[in-house]
> 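Dumping the structure here so I can ask a few things about it.
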Amino acid sequence: DDDDDDDDDDEYSEWTLRKCSAAALDIIASVYRDNLLPIILPLLKQVLGSDNWVVQESGMLALGAISEGCLNGMMQHLPEIVPFLFSCLESPRSLVRSITCWTLSRYAEWVARQPNFIQPTTYKLLERVLDNNKRVQEAACSAFATWEEEAKDHLVGHLPIILQSLAQAFDKYQERNLLILYDAVGTLADCVGESLNTEEYIRMLMPPLIKKYDQLKDEDASLTSLLECLSSVASALGTGFLPFAQPVFKRCERLLDTCLRQSKLSQEHPDVHSPPNKELMIVTLDLLSGIAEGLEGSVESLVADSNLLALLFHCMHDQTPEVRQSSFALLGDLTKACFVHVRPCLREYMVLLCENLNPMFTPVCNNSTWAIGEIAVKLGGDMQNYMEAILPRLTTIINRPKTAKSLIENTSITLGRLGLACPEQLAPHLPLFIHPWCTATRDIRDNHEKEDSCRGMCAMIHLNPQAVLPSFVFLCDAINSWRAPSQDLATQFAQILHWFKSMAGEETWNHIFSGFPPSLKGSLTTKYNL
C-alpha cells in the first residue's frame, strides 16, 4: 500500500485551489447542464486514463463535481463508468481510492436504480470501509451512508455482510472515523427499519455498539454521535432492543438530570458555571423517543421506575427551541406507549403545549401539534377541558398563509383527531377549518393518523353537514385521495356522500357533480357508486 501518501493528507483536507476548482466546476455544471459535456467528456476520458495517479485523481474529482448538474447527459455513459469506478477502488494509491468513494456516492441515486449494480456497489464500498488507510476509511464510510439512503430496502438481502463489515470497523477505527461509522450504522437502521430485528442481526450489531457505549464517559464529545446512532437502532429493533434498554434508559435519565442541574446553575451563576451541552440534551431526548417508539408498551416499567416525566417537564421549558422540539416528540411517543404515566401530568403539560403552538418556530410547533393529537386519541371526551385554549391556535395556524406544508398537514391531522375525541364541541366550528383541512388531507399518504383525522371529520360532518357545502368538492377530493381506506372508513365515506346526494335531489346533484373534474367524478363513481 502507499503509506507515503499520508504525508499529503493535510494538503488534501484543507480548502485548497484544487477544491476551489472542483466547487467552481460543480457550479458551472449546474448552470450549463449537459451543454458542458461535449467540452469536458474528452478531457475526462484523457485524464482518467492517465498513468499518472495524480492526474487520474484530479479527473475523478472532476467526474464527481459534474454529477448533479450533468446527470441526465451522463446517464448513457454510467453503465461503463461505474465498473471503471469499481476498478479504481482497488487502486494502490489511497487518495485515488478515497476520491473514488466520493465520486461513486455522487452517482448513488442512479446506481441504486440499476439492479445489477446493487450488490457490487455494496460489496466494493464495504471493502474500502475496512481499508487500512484512515482517509479511505473516512471517505468510504461516508459514501456508504449516502449509498444506504439511496439503496434502502435493496440492502436488506445483504445485511449479513453489511453488519459483519460495520462490526469489524468498530475495532479498526479510531475516534474521528468512529463518528462517521456511528452515522452509517444509524442511517442503515433508518433505511432498513424492522428488518434489523432478528436474533442473528442483533448479535452482530449490538455488542460493538454497547461496548463503545460502555467505554464512553458522559463528558466524552463523541457520546452525542453514539446516542444519535442508538436512537435510530432502538427505533428499528423495536422489542429487539429490550435486553439493552434498561441501562441505556437509566443513563439517559441521568444525563438529562445533569444537564438540567447545570442549566439552573449557569442561569443563577453565569460567571461561574457554563451552560449545559444542549446538543447532548437533544440527542438524549431523541434516544428516549426511539426507545419508547420501539418498545411501545414494554417501556412502561422503565418509565414507572424513573423520574423522566418530571425531567421532561423542565426540558419543555428550555429556551433552546430544538430542546423543546425533542421534548414534545418524546411526550407524543410516551403518550402512545404508556399514557397511564402521562395522564397525571397532563394539566401542566397542556399549558406548555399550547404555549408552543407558534408557527414562527415550525419544528417546535409541529411536534407540539402532533403531541396534542396523540393525547386526544388517548384522552377522548375529556379533551374538551383543553379545547378552548387549543382550538383558536390551531385554526389560526391552518389558515395562515405561507405556513410550512408539514405544519399544515400536522394541524389538519390534529384537528381531525380532536373532532374524533369531541365531535359535539368541534362541529360548530367546522367552517373555520373545513376547507384547509380538505386541501391538506388530500396530500397526506394513507396511514393510521390520517384515518383518525378522517373519522373525526366524518363525526363532525354528521353533526354539522351544512358547514361542508361551500367546500364539498374539496371534501370529495380529500376522500378520493385514499388509495385503500379501511372497510369501516370507506363505509363512512359512502354514507356521507350518498346522504349529500339524497339531500340535494337528483337534478341539483347532477348539476353539482357535473362540475367536478372528470378524473375525480369517475373515481368517486367507481369507488362509492355515486
Side-chain angles (χ1 to χ4, degrees), residues 2 5 7-91 93-114 117-118 120-121 124-125 128 131 133 135-152 180 183-184 187:
D2 54 330
D5 286 346
D7 295 338
D8 298 324
D9 278 358
D10 290 340
E11 176 187 342
Y12 277 81
S13 64
E14 294 173 358
W15 188 247
T16 60
L17 180 60
R18 167 183 173 276
K19 286 195 174 182
C20 290
S21 299
L25 186 56
D26 189 351
I27 294 171
I28 291 170
S30 69
V31 172
Y32 291 99
R33 301 284 174 178
D34 295 344
N35 294 324
L36 182 64
L37 292 180
I39 301 170
I40 198 168
L41 281 180
L43 296 172
L44 282 175
K45 186 175 182 179
Q46 179 183 348
V47 297
L48 289 171
S50 173
D51 292 332
N52 186 330
W53 75 267
V54 176
V55 174
Q56 187 184 58
E57 195 273 350
S58 70
M60 192 66 71
L61 176 60
L63 179 62
I66 67 169
S67 60
E68 293 185 5
C70 300
L71 181 59
N72 287 335
M74 288 297 293
M75 285 182 183
Q76 61 181 308
H77 305 287
L78 288 176
E80 295 180 9
I81 289 176
V82 172
F84 172 72
L85 295 179
F86 291 160
S87 68
C88 291
L89 288 173
E90 308 291 340
S91 170
R93 295 289 179 174
S94 63
L95 292 174
V96 174
R97 297 198 301 276
S98 62
I99 198 64
T100 303
C101 290
W102 176 77
T103 298
L104 183 57
S105 74
R106 295 276 286 183
Y107 291 98
E109 181 181 357
W110 180 89
V111 177
R113 297 199 300 267
Q114 318 307 314
F117 283 146
I118 299 292
T121 302
K124 293 289 186 182
L125 283 176
R128 298 284 65 83
D131 201 282
N133 183 279
R135 177 162 297 284
V136 179
Q137 293 171 3
E138 178 184 4
C141 204
S142 179
F144 194 76
T146 301
W147 173 240
E148 290 168 338
E149 291 176 339
E150 299 298 342
K152 290 187 170 62
I180 304 170
D183 179 62
T187 303

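None of the values given here were measured: they were computed from a predicted structure.
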> Kindly indicate whether the side chain of Gln114, heavy atoms from C-beta on, has any atom under 4.5 Å from the side chain of Val82.
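No, their side chains stay 4.5 Å or more apart.
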> So, does Ser91 use its side chain to make a donor-acceptor pair with the main chain of Cys88 at under 3.5 Å?
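Checking the backbone N and O of Cys88 against the side chain of Ser91, no donor-acceptor pair under 3.5 Å is found.
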> So do the side chains of Leu25 and Ser21 get within less than 4.5 Å of each other, counting heavy atoms only?
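A side-chain contact is absent here, since even the closest heavy-atom pair is not under 4.5 Å.
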> In plain terms, say whether Lys124 and Glu90 are close enough for a salt bridge, that is, a side-chain N and a carboxylate O under 4.0 Å apart.
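Counted as a salt bridge, because a side-chain N and a carboxylate O are separated by less than 4.0 Å.
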> Could you go through the side chain to side chain contact (heavy atoms under 4.5 Å, CB included) check for Tyr107 and Leu71 one step at a time?
CA-CA 8 Å; Tyr107 291 98; Leu71 181 59; 4.0 Å; yes
> Measure the NZ-CG distance between Lys45 and Leu63 for me, rounded to the nearest 0.5 Å.
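Going from the NZ atom of Lys45 to the CG atom of Leu63 covers 14.0 Å.
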> Quick one: closest heavy-atom pair of Asn52 and Val54, and the distance?
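Asn52 and Val54 have their closest heavy atoms at OD1-N, 3.0 Å.
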> Taking C-beta and beyond as the side chain, do Leu61 and Trp102 meet within less than 4.5 Å on heavy atoms?
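A side-chain contact under 4.5 Å exists here.
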> Give the minimum heavy-atom separation between Ala112 and Ile118, together with the two atoms involved.
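That would be O-CD1, 3.4 Å.
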> Shortest non-hydrogen contact from Leu125 to Trp147?
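So the minimum-distance heavy-atom pair works out to CD1-CB, 4.0 Å.
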> I'd like to check Thr100 versus Phe86 (side-chain heavy atoms, cut-off strictly below 4.5 Å). Are they in contact?
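No, side chains not in contact.
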> I need the minimum non-hydrogen distance between Arg97 and Leu89, along with the two atoms involved.
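Minimum heavy-atom contact is CD-O, 3.3 Å.
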> Looking at Gly73, is its backbone amide N or carbonyl O close enough to the side chain of Asp34 to form a donor-acceptor pair, meaning the two atoms are under 3.5 Å apart?
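It does hold such a pair.
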> Any chance you could measure Leu78, atom CG, to Leu85, atom CG, to the nearest 0.5 Å?
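Leu78 CG to Leu85 CG: 8.5 Å, rounded to 0.5 Å.
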> Indicate the atoms forming the closest heavy-atom contact of Leu44 with Ala62, along with that distance.
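Taking every non-hydrogen atom into account, CD2-CB, 3.8 Å.
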> How are the rings of Phe117 and Trp110 set relative to one another: parallel (under 30°), tilted (30 to 60°) or perpendicular (over 60°)?
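Rings of Phe117 and Trp110: tilted, 30 to 60°.
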> Should we count OH of Tyr32 as having more than 12 external heavy atoms under 6.0 Å?
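No, the 6.0 Å shell around OH holds no more than 12 heavy atoms from other groups.
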> Rounded to the nearest 0.5 Å, how far does NE2 of His77 lie from CE of Met75?
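That separation rounds to 12.0 Å.
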> Checking Ser142 side chain against Ala139 main chain: does a donor-acceptor pair fall under 3.5 Å?
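Between the backbone of Ala139 and the side chain of Ser142 there is no qualifying donor-acceptor contact (under 3.5 Å).
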> Starting at CD1 of Ile66, measure out to CD1 of Ile40 and round the result to the nearest 0.5 Å.
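It is 4.5 Å, given to the nearest 0.5 Å.
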> Mark yes or no for whether Ser30, through its side chain, and Ile27, through its backbone, hold a donor-acceptor pair below 3.5 Å.
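Present.
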> Looking at CZ of Arg106 and OG1 of Thr103, how far apart are the two atoms once the value is rounded to the nearest 0.5 Å?
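That separation rounds to 8.5 Å.
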> How close do Leu48 and Met60 get, heavy atom to heavy atom, and via which atoms?
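Result for this residue pair: CD2-N, 3.4 Å.
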> Would a 4.5 Å heavy-atom cut-off, applied to side chains only, mark Val55 and Gln46 as touching?
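They are not in contact (no side-chain heavy atoms under 4.5 Å apart), so the answer is no.
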> Measuring from Ile99:CD1 to Leu104:CG, what's the distance to the nearest 0.5 Å?
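Rounded to the nearest 0.5 Å, the CD1-CG separation comes out at 12.0 Å.
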> For Asp131, does its backbone N or O pair with a side-chain atom of Gln137 as donor and acceptor, under 3.5 Å?
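Present.
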> Is any side-chain heavy atom of Val111 closer than 4.5 Å to a side-chain heavy atom of Glu150?
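No. Closest side-chain heavy atoms not under 4.5 Å.
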